Amino acid sequence: MGLVSIRELLAAAEKGAYAVGAFNCNNMEIVQAIIEAAEAEKAPVILQASQGAIRYAGINYIVAMAREAAAQASVPVALHLDHGTDFNQVMLCIRHGFSSVMIDGSRYSLEENIAVTKKVVEIARAVGVSVEGELGRIRGTEDEIKVSEREAFFTDPEEARRFVRETGVDALAPSIGTAHGRYRGRPELDFPRLQKIRELTGIPLVLHGSSGVPDEDIRQAIALGVRKVNIDTNIREAFVAAMRRELGDNPGEIDPRKILGPAREAAREVIREKIRLFGSAGKA
Ligand code: G3H
Ligand code: 13P
Ligand code: ZN
(Lines give C-alpha, C1' and ligand atoms only; values in the text may rest on other atoms or scores of the structure.)
(Ligands and ions follow the chains in the order given, each with its own letter.)
Protein backbone atom coordinates (compact mmCIF):
# COMPACT_ATOMS: atom_id res chain seq x y z
CA MET A 1 0.00 0.00 0.00
CA GLY A 2 1.14 3.58 -0.58
CA LEU A 3 1.00 6.29 2.06
CA VAL A 4 -2.57 7.26 2.95
CA SER A 5 -3.85 10.65 4.14
CA ILE A 6 -4.90 11.22 7.74
CA ARG A 7 -8.27 12.40 6.41
CA GLU A 8 -9.30 8.82 5.64
CA LEU A 9 -7.73 7.39 8.80
CA LEU A 10 -9.54 9.94 10.96
CA ALA A 11 -12.85 9.41 9.14
CA ALA A 12 -12.69 5.72 10.06
CA ALA A 13 -11.70 6.62 13.63
CA GLU A 14 -14.71 8.93 13.77
CA LYS A 15 -17.04 6.09 12.83
CA GLY A 16 -15.43 3.70 15.29
CA ALA A 17 -15.04 6.29 18.11
CA TYR A 18 -11.33 5.58 18.61
CA ALA A 19 -8.11 7.56 18.02
CA VAL A 20 -5.20 6.86 15.68
CA GLY A 21 -1.73 7.06 17.22
CA ALA A 22 0.63 9.61 15.67
CA PHE A 23 4.18 8.75 16.63
CA ASN A 24 7.22 10.95 16.09
CA CYS A 25 10.17 9.43 14.27
CA ASN A 26 13.72 10.66 13.77
CA ASN A 27 15.62 7.60 12.59
CA MET A 28 15.22 4.17 11.02
CA GLU A 29 14.91 2.25 14.28
CA ILE A 30 12.02 4.40 15.49
CA VAL A 31 10.23 4.14 12.12
CA GLN A 32 10.60 0.36 12.34
CA ALA A 33 9.41 0.29 15.96
CA ILE A 34 6.27 2.23 14.99
CA ILE A 35 5.49 -0.02 12.03
CA GLU A 36 6.22 -3.25 13.93
CA ALA A 37 3.90 -2.10 16.72
CA ALA A 38 1.12 -1.16 14.29
CA GLU A 39 1.44 -4.49 12.49
CA ALA A 40 1.43 -6.46 15.74
CA GLU A 41 -1.72 -4.62 16.85
CA LYS A 42 -3.31 -4.56 13.37
CA ALA A 43 -3.76 -0.81 13.71
CA PRO A 44 -3.73 2.11 11.27
CA VAL A 45 -0.84 4.40 12.16
CA ILE A 46 0.55 7.88 11.55
CA LEU A 47 4.30 8.38 11.26
CA GLN A 48 5.08 12.00 11.96
CA ALA A 49 8.23 14.01 11.48
CA SER A 50 8.90 17.40 13.02
CA GLN A 51 10.98 20.09 11.34
CA GLY A 52 13.77 19.05 13.73
CA ALA A 53 13.46 15.42 12.61
CA ILE A 54 13.65 16.55 8.98
CA ARG A 55 16.76 18.62 9.77
CA TYR A 56 18.32 15.63 11.54
CA ALA A 57 17.55 12.81 9.10
CA GLY A 58 17.05 14.72 5.85
CA ILE A 59 13.70 14.98 4.11
CA ASN A 60 14.58 12.39 1.45
CA TYR A 61 15.48 9.79 4.07
CA ILE A 62 12.29 10.45 6.04
CA VAL A 63 10.10 10.10 2.96
CA ALA A 64 12.00 7.05 1.67
CA MET A 65 11.69 5.28 5.03
CA ALA A 66 7.98 6.05 5.30
CA ARG A 67 7.30 4.94 1.72
CA GLU A 68 9.15 1.69 2.25
CA ALA A 69 7.33 1.16 5.54
CA ALA A 70 3.95 1.73 3.88
CA ALA A 71 4.84 -0.53 0.94
CA GLN A 72 5.79 -3.40 3.26
CA ALA A 73 3.11 -2.95 5.89
CA SER A 74 -0.23 -4.71 5.91
CA VAL A 75 -1.76 -1.77 7.83
CA PRO A 76 -2.49 1.76 6.51
CA VAL A 77 0.37 4.21 7.12
CA ALA A 78 0.31 8.02 6.81
CA LEU A 79 3.31 10.36 6.78
CA HIS A 80 2.49 13.64 8.51
CA LEU A 81 4.52 16.82 9.04
CA ASP A 82 4.37 17.69 12.75
CA HIS A 83 4.24 21.43 13.66
CA GLY A 84 5.11 22.89 10.28
CA THR A 85 5.57 26.52 11.29
CA ASP A 86 6.51 27.86 7.93
CA PHE A 87 4.51 27.94 4.67
CA ASN A 88 7.58 27.05 2.58
CA GLN A 89 8.45 24.09 4.80
CA VAL A 90 4.91 22.76 4.42
CA MET A 91 5.08 23.11 0.62
CA LEU A 92 8.42 21.30 0.55
CA CYS A 93 6.93 18.37 2.46
CA ILE A 94 3.96 18.17 0.11
CA ARG A 95 6.32 18.21 -2.87
CA HIS A 96 8.45 15.43 -1.36
CA GLY A 97 5.48 13.11 -0.80
CA PHE A 98 4.12 13.66 2.73
CA SER A 99 0.50 12.47 2.73
CA SER A 100 -0.50 14.94 5.40
CA VAL A 101 0.79 18.17 6.95
CA MET A 102 0.30 20.27 10.04
CA ILE A 103 0.45 24.02 9.62
CA ASP A 104 1.04 25.44 13.08
CA GLY A 105 0.15 29.12 12.90
CA SER A 106 -0.50 29.30 16.62
CA ARG A 107 2.10 32.02 17.16
CA TYR A 108 0.19 34.36 14.86
CA SER A 109 -2.93 36.42 15.46
CA LEU A 110 -6.22 34.65 14.68
CA GLU A 111 -6.49 36.50 11.35
CA GLU A 112 -2.95 35.61 10.27
CA ASN A 113 -3.34 32.01 11.42
CA ILE A 114 -6.55 31.68 9.41
CA ALA A 115 -4.90 33.23 6.34
CA VAL A 116 -1.83 30.96 6.26
CA THR A 117 -3.82 27.82 7.18
CA LYS A 118 -6.41 28.54 4.49
CA LYS A 119 -3.68 28.96 1.89
CA VAL A 120 -2.15 25.59 2.87
CA VAL A 121 -5.55 23.84 2.78
CA GLU A 122 -6.29 25.14 -0.72
CA ILE A 123 -3.02 23.81 -2.11
CA ALA A 124 -2.94 20.57 -0.11
CA ARG A 125 -6.52 19.67 -0.99
CA ALA A 126 -5.76 20.03 -4.71
CA VAL A 127 -3.15 17.27 -4.42
CA GLY A 128 -4.97 14.99 -1.96
CA VAL A 129 -2.91 15.91 1.11
CA SER A 130 -4.76 16.45 4.41
CA VAL A 131 -4.16 19.33 6.82
CA GLU A 132 -4.09 19.72 10.61
CA GLY A 133 -4.27 23.25 12.02
CA GLU A 134 -3.48 24.55 15.51
CA LEU A 135 -5.29 27.21 17.47
CA GLY A 136 -4.26 28.37 20.93
CA ARG A 137 -0.75 27.83 22.28
CA ILE A 138 0.29 24.31 23.28
CA ARG A 139 3.07 24.80 25.77
CA GLY A 140 6.36 23.13 26.44
CA THR A 141 6.57 21.73 29.99
CA GLU A 142 9.12 24.39 30.80
CA ASP A 143 6.34 27.00 30.68
CA GLU A 144 4.41 27.08 33.94
CA ILE A 145 0.89 28.39 33.37
CA LYS A 146 -1.14 30.31 35.92
CA VAL A 147 -4.90 29.83 36.05
CA SER A 148 -5.33 33.49 35.14
CA GLU A 149 -3.33 32.92 31.96
CA ARG A 150 -5.48 30.03 30.77
CA GLU A 151 -7.69 32.18 28.56
CA ALA A 152 -4.65 33.57 26.77
CA PHE A 153 -3.13 30.14 26.07
CA PHE A 154 -6.12 27.84 25.78
CA THR A 155 -8.25 27.64 22.65
CA ASP A 156 -11.38 29.75 22.65
CA PRO A 157 -14.24 27.51 21.39
CA GLU A 158 -15.91 30.33 19.40
CA GLU A 159 -12.60 31.14 17.71
CA ALA A 160 -12.19 27.43 16.95
CA ARG A 161 -15.56 27.40 15.22
CA ARG A 162 -14.55 30.36 13.06
CA PHE A 163 -11.07 28.92 12.37
CA VAL A 164 -12.47 25.58 11.16
CA ARG A 165 -15.24 27.15 9.09
CA GLU A 166 -12.92 29.61 7.36
CA THR A 167 -9.90 27.35 6.79
CA GLY A 168 -11.51 23.97 6.00
CA VAL A 169 -8.86 22.00 7.95
CA ASP A 170 -9.31 18.23 8.24
CA ALA A 171 -8.30 18.15 11.92
CA LEU A 172 -7.74 20.69 14.67
CA ALA A 173 -5.19 20.71 17.49
CA PRO A 174 -6.64 22.77 20.34
CA SER A 175 -4.78 23.86 23.45
CA ILE A 176 -6.61 22.40 26.47
CA GLY A 177 -3.89 21.94 29.09
CA THR A 178 -1.42 19.42 27.72
CA ALA A 179 2.21 20.32 27.11
CA HIS A 180 5.10 18.89 25.10
CA GLY A 181 7.85 17.01 26.94
CA ARG A 182 7.87 15.62 30.50
CA TYR A 183 5.28 16.84 33.00
CA ARG A 184 6.41 17.99 36.41
CA GLY A 185 3.03 17.28 38.04
CA ARG A 186 -0.24 15.75 36.86
CA PRO A 187 -1.49 17.58 33.76
CA GLU A 188 -4.87 19.26 34.16
CA LEU A 189 -6.95 18.91 31.03
CA ASP A 190 -9.87 21.25 30.47
CA PHE A 191 -12.49 18.71 29.37
CA PRO A 192 -15.48 21.09 29.27
CA ARG A 193 -13.47 23.25 26.86
CA LEU A 194 -12.60 20.22 24.73
CA GLN A 195 -16.26 19.23 24.60
CA LYS A 196 -17.32 22.73 23.59
CA ILE A 197 -14.67 22.90 20.86
CA ARG A 198 -15.83 19.57 19.50
CA GLU A 199 -19.50 20.67 19.56
CA LEU A 200 -18.77 23.89 17.72
CA THR A 201 -16.34 22.50 15.13
CA GLY A 202 -17.60 18.93 14.59
CA ILE A 203 -14.23 17.80 13.21
CA PRO A 204 -11.61 15.30 14.45
CA LEU A 205 -9.48 16.83 17.23
CA VAL A 206 -5.81 16.17 17.90
CA LEU A 207 -4.24 15.81 21.34
CA HIS A 208 -0.64 17.04 21.48
CA GLY A 209 1.75 16.54 24.37
CA SER A 210 0.08 13.22 25.19
CA SER A 211 3.10 11.50 26.77
CA GLY A 212 2.62 11.45 30.53
CA VAL A 213 -1.13 12.14 30.36
CA PRO A 214 -2.85 9.52 32.59
CA ASP A 215 -4.61 6.74 30.69
CA GLU A 216 -8.05 7.67 32.01
CA ASP A 217 -7.61 11.24 30.74
CA ILE A 218 -6.60 9.95 27.30
CA ARG A 219 -9.74 7.76 27.25
CA GLN A 220 -11.88 10.71 28.30
CA ALA A 221 -10.37 12.92 25.59
CA ILE A 222 -11.13 10.24 22.99
CA ALA A 223 -14.70 9.95 24.28
CA LEU A 224 -15.00 13.72 23.68
CA GLY A 225 -13.81 13.63 20.06
CA VAL A 226 -10.01 13.35 19.99
CA ARG A 227 -9.18 11.19 16.96
CA LYS A 228 -5.38 11.63 16.70
CA VAL A 229 -3.08 11.33 19.71
CA ASN A 230 0.52 12.53 19.39
CA ILE A 231 3.28 10.71 21.25
CA ASP A 232 6.96 11.57 21.16
CA THR A 233 8.46 11.88 24.66
CA ASN A 234 7.42 8.38 25.84
CA ILE A 235 9.16 6.86 22.79
CA ARG A 236 12.33 8.85 23.45
CA GLU A 237 12.31 7.77 27.11
CA ALA A 238 11.94 4.07 26.29
CA PHE A 239 14.48 4.18 23.46
CA VAL A 240 17.18 5.99 25.42
CA ALA A 241 16.59 4.04 28.65
CA ALA A 242 17.20 0.79 26.76
CA MET A 243 20.36 2.24 25.18
CA ARG A 244 21.61 3.32 28.63
CA ARG A 245 20.87 -0.11 30.07
CA GLU A 246 22.71 -1.90 27.25
CA LEU A 247 25.70 0.42 27.45
CA GLY A 248 25.80 0.08 31.24
CA ASP A 249 25.56 -3.72 31.12
CA ASN A 250 28.09 -4.04 28.29
CA PRO A 251 30.59 -1.16 28.57
CA GLY A 252 32.91 -2.80 26.03
CA GLU A 253 30.24 -3.15 23.35
CA ILE A 254 31.16 -1.46 20.07
CA ASP A 255 28.45 -2.88 17.79
CA PRO A 256 25.70 -0.21 17.44
CA ARG A 257 23.19 -2.92 16.55
CA LYS A 258 23.55 -4.42 20.03
CA ILE A 259 22.55 -1.07 21.54
CA LEU A 260 19.97 0.12 19.00
CA GLY A 261 18.25 -3.26 18.54
CA PRO A 262 17.03 -3.43 22.16
CA ALA A 263 16.15 0.28 21.99
CA ARG A 264 13.93 -0.43 18.97
CA GLU A 265 12.23 -3.27 20.86
CA ALA A 266 11.61 -1.10 23.91
CA ALA A 267 10.09 1.65 21.75
CA ARG A 268 7.91 -0.92 19.97
CA GLU A 269 6.44 -2.16 23.26
CA VAL A 270 5.56 1.36 24.44
CA ILE A 271 3.89 2.09 21.12
CA ARG A 272 1.88 -1.16 21.27
CA GLU A 273 0.51 -0.16 24.67
CA LYS A 274 -0.48 3.27 23.35
CA ILE A 275 -2.24 1.78 20.34
CA ARG A 276 -4.30 -0.45 22.65
CA LEU A 277 -5.10 2.52 24.88
CA PHE A 278 -6.28 4.60 21.90
CA GLY A 279 -8.68 1.82 20.81
CA SER A 280 -7.14 1.52 17.34
CA ALA A 281 -5.89 -2.07 17.80
CA GLY A 282 -7.59 -4.41 15.34
CA LYS A 283 -8.98 -1.50 13.27
CA ALA A 284 -6.67 -1.89 10.24
O1 G3H B 1 5.95 18.60 19.25
C2 G3H B 1 7.13 18.37 19.37
C3 G3H B 1 7.65 17.02 19.06
O4 G3H B 1 7.89 16.32 20.26
C5 G3H B 1 8.87 17.11 18.18
O6 G3H B 1 9.98 17.55 18.88
O7 G3H B 1 10.98 19.37 17.46
O8 G3H B 1 12.36 18.07 19.14
O9 G3H B 1 11.58 16.99 17.02
P10 G3H B 1 11.32 18.04 18.08
P1 13P C 1 4.95 14.57 23.62
O2 13P C 1 6.41 14.64 23.32
O3 13P C 1 4.61 15.26 24.90
O4 13P C 1 4.45 13.17 23.54
O5 13P C 1 4.19 15.42 22.49
C6 13P C 1 4.22 14.98 21.16
C7 13P C 1 3.56 15.96 20.25
O8 13P C 1 2.60 16.63 20.57
C9 13P C 1 4.11 16.07 18.89
O10 13P C 1 3.46 17.06 18.15
ZN1 ZN D 1 2.78 18.72 19.24
Side-chain angles (χ1 to χ4, degrees), residues 6 10 19-31 33-34 37 45-59 61-62 65-66 78-86 89-90 93 98 100-107 113 117 130-143 145 153-155 169 171-189 194 204-215 217-218 221-222 226-241 266-267 270-271 273-275 277-278:
I6 65 161
L10 301 189
V20 182
F23 302 103
N24 285 72
C25 59
N26 294 278
N27 62 14
M28 183 190 74
E29 283 78 9
I30 294 177
V31 170
I34 296 166
V45 76
I46 300 166
L47 290 172
Q48 60 185 12
S50 67
Q51 291 172 164
I54 291 170
R55 265 196 308 278
Y56 173 76
I59 193 162
Y61 275 93
I62 294 278
M65 287 191 290
L79 175 61
H80 181 73
L81 168 65
D82 188 31
H83 294 282
T85 51
D86 174 66
Q89 171 76 72
V90 173
C93 287
F98 278 61
S100 175
V101 290
M102 174 179 188
I103 172 72
D104 175 356
S106 61
R107 69 188 185 288
N113 191 354
T117 305
S130 41
V131 181
E132 172 185 343
E134 175 172 330
L135 186 63
R137 309 279 319 252
I138 297 166
R139 301 161 302 134
T141 40
E142 67 280 2
D143 315 323
I145 188 163
F153 275 82
F154 286 11
T155 305
V169 286
L172 175 71
S175 170
I176 58 150
T178 58
H180 294 114
R182 280 180 147 167
Y183 290 95
R184 278 196 285 263
R186 193 186 201 276
E188 266 184 56
L189 275 63
L194 178 65
L205 301 178
V206 182
L207 194 67
H208 283 247
S210 308
S211 296
V213 175
D215 288 0
D217 288 2
I218 296 277
I222 294 170
V226 162
R227 298 288 169 250
K228 173 175 179 278
V229 180
N230 288 6
I231 298 283
D232 187 358
T233 299
N234 283 159
I235 300 176
R236 296 177 179 196
E237 288 167 342
F239 195 86
V240 175
V270 166
I271 297 164
E273 279 171 30
K274 298 293 178 188
I275 287 174
L277 171 64
F278 303 160

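These values consider heavy atoms only, across backbone and side chains, with no hydrogens, waters or symmetry-generated copies. In each ligand, atom 1 is the first atom listed, and ligand 1 is the first ligand listed. Treat the numbers as computed from the prediction; the structure is a model and nothing was measured.
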Between His180 and ligand 1, is there a nitrogen or oxygen pair with a distance under 3.5 Å?
yes
Test your reading of the structure: does Asp232 have an N or O sitting under 3.5 Å from an N or O of ligand 1?
yes
For ligand 1, is any non-hydrogen atom under 4.0 Å from [X]'s backbone (N, CA, C, O), its side chain (CB onward), both, or neither?
X      : result
His83  : side chain
Asn230 : neither
Thr233 : neither
Arg55  : neither

Interatomic distance, [X] atom [atom1] to [Y] atom [atom2] [nearest 0.5 angstrom]:
X      : Y      : atom1 : atom2 : answer
Ile62  : Leu47  : CD1   : CG    : 9.0 Å
Ile271 : Ile34  : CD1   : CD1   : 5.0 Å
Ile103 : Thr117 : CD1   : OG1   : 5.5 Å
Ile235 : Ser211 : CD1   : OG    : 7.0 Å
Ile54  : Ile59  : CD1   : CD1   : 4.5 Å
Cys25  : Ile30  : SG    : CD1   : 7.5 Å

Would you sort out whether Tyr61 and Met28 count as a side chain to side chain contact (heavy atoms under 4.5 Å, CB included), showing the intermediate values?
CA-CA 9 Å; Tyr61 275 93; Met28 183 190 74; over 6 Å; no
Given Gly52, Gly140, Ser50, Ser211, identify the one with the heavy atom nearest to atom 9 (O) of ligand 1.
Ser50
Starting from [atom], find the nearest protein heavy-atom neighbour and note its residue, name and distance.
atom                   : answer
atom 4 (O) of ligand 2 : Ser211 OG, 2.5 Å
atom 2 (O) of ligand 2 : Thr233 OG1, 2.6 Å
atom 8 (O) of ligand 2 : Gly209 N, 2.9 Å
atom 8 (O) of ligand 1 : Arg236 NH2, 3.0 Å

As an exercise, identify every atom of ligand 2 less than 4.0 angstrom from a heavy atom of [X].
X      : result
His83  : 10 (O)
His208 : 8 (O), 10 (O)
His180 : 3 (O), 5 (O), 6 (C), 7 (C), 8 (O), 10 (O)
Gly181 : 2 (O), 3 (O)
Ile231 : 4 (O)
Asp82  : 9 (C), 10 (O)

[X] contact mode with ligand 2 (heavy-atom cut-off under 4.0 Å):
X      : result
Asn234 : neither
Arg236 : neither
Asn230 : both

Between the side chain of [X] and the main-chain N/O of [Y], is any donor-acceptor distance below 3.5 Å?
X      : Y      : result
Thr155 : Ser175 : yes
Thr178 : His208 : yes
Tyr56  : Asn27  : no

Under 4.0 Å from a heavy atom of Asn24: give me the atoms of ligand 1 that qualify, with their elements.
3 (C), 5 (C)
Within 4.0 Å of some non-hydrogen atom of Asp82, the atoms of ligand 1 are 1 (O), 3 (C)
Establish, from distance only, whether the side-chain atoms of His83 and Gln51 form a donor-acceptor pair under 3.5 Å.
no
Would Asn230 and Asn24 count as having a side-chain donor-acceptor pair, cut-off 3.5 Å?
no
For the residue pair Gly209 and His180, what are the closest heavy atoms and their distance?
N-CD2, 3.9 Å
Write the atom name of the N, O or S atom in His208 that is nearest the Zn ion (ligand 3).
ND1
The N/O/S atom of His180 lying closest to the Zn ion (ligand 3) is NE2
Ligand 2 contacted by Ala179 (non-hydrogen, < 4.0 Å):
yes
Check whether any N or O atom of Asn24, backbone or side chain, sits under 3.5 Å from an N or O atom of ligand 2, and answer yes or no.
no
Looking at ligand 1, is there an atom of it that comes within less than 4.0 Å of some heavy atom belonging to Gln48?
no
For Ser100, which of His80, Lys228, Glu132 qualifies under side chain to side chain donor-acceptor pair (under 3.5 Å)?
His80
Show the numbers, then the answer: is there a side chain to side chain contact (heavy atoms under 4.5 Å, CB included) between Ile176 and Phe154?
CA-CA 5 Å; Ile176 58 150; Phe154 286 11; 5.5 Å; no
Other residues, nucleotides and ligands only: do more than 12 of their heavy atoms fall within 6.0 Å of OH on Tyr183?
yes
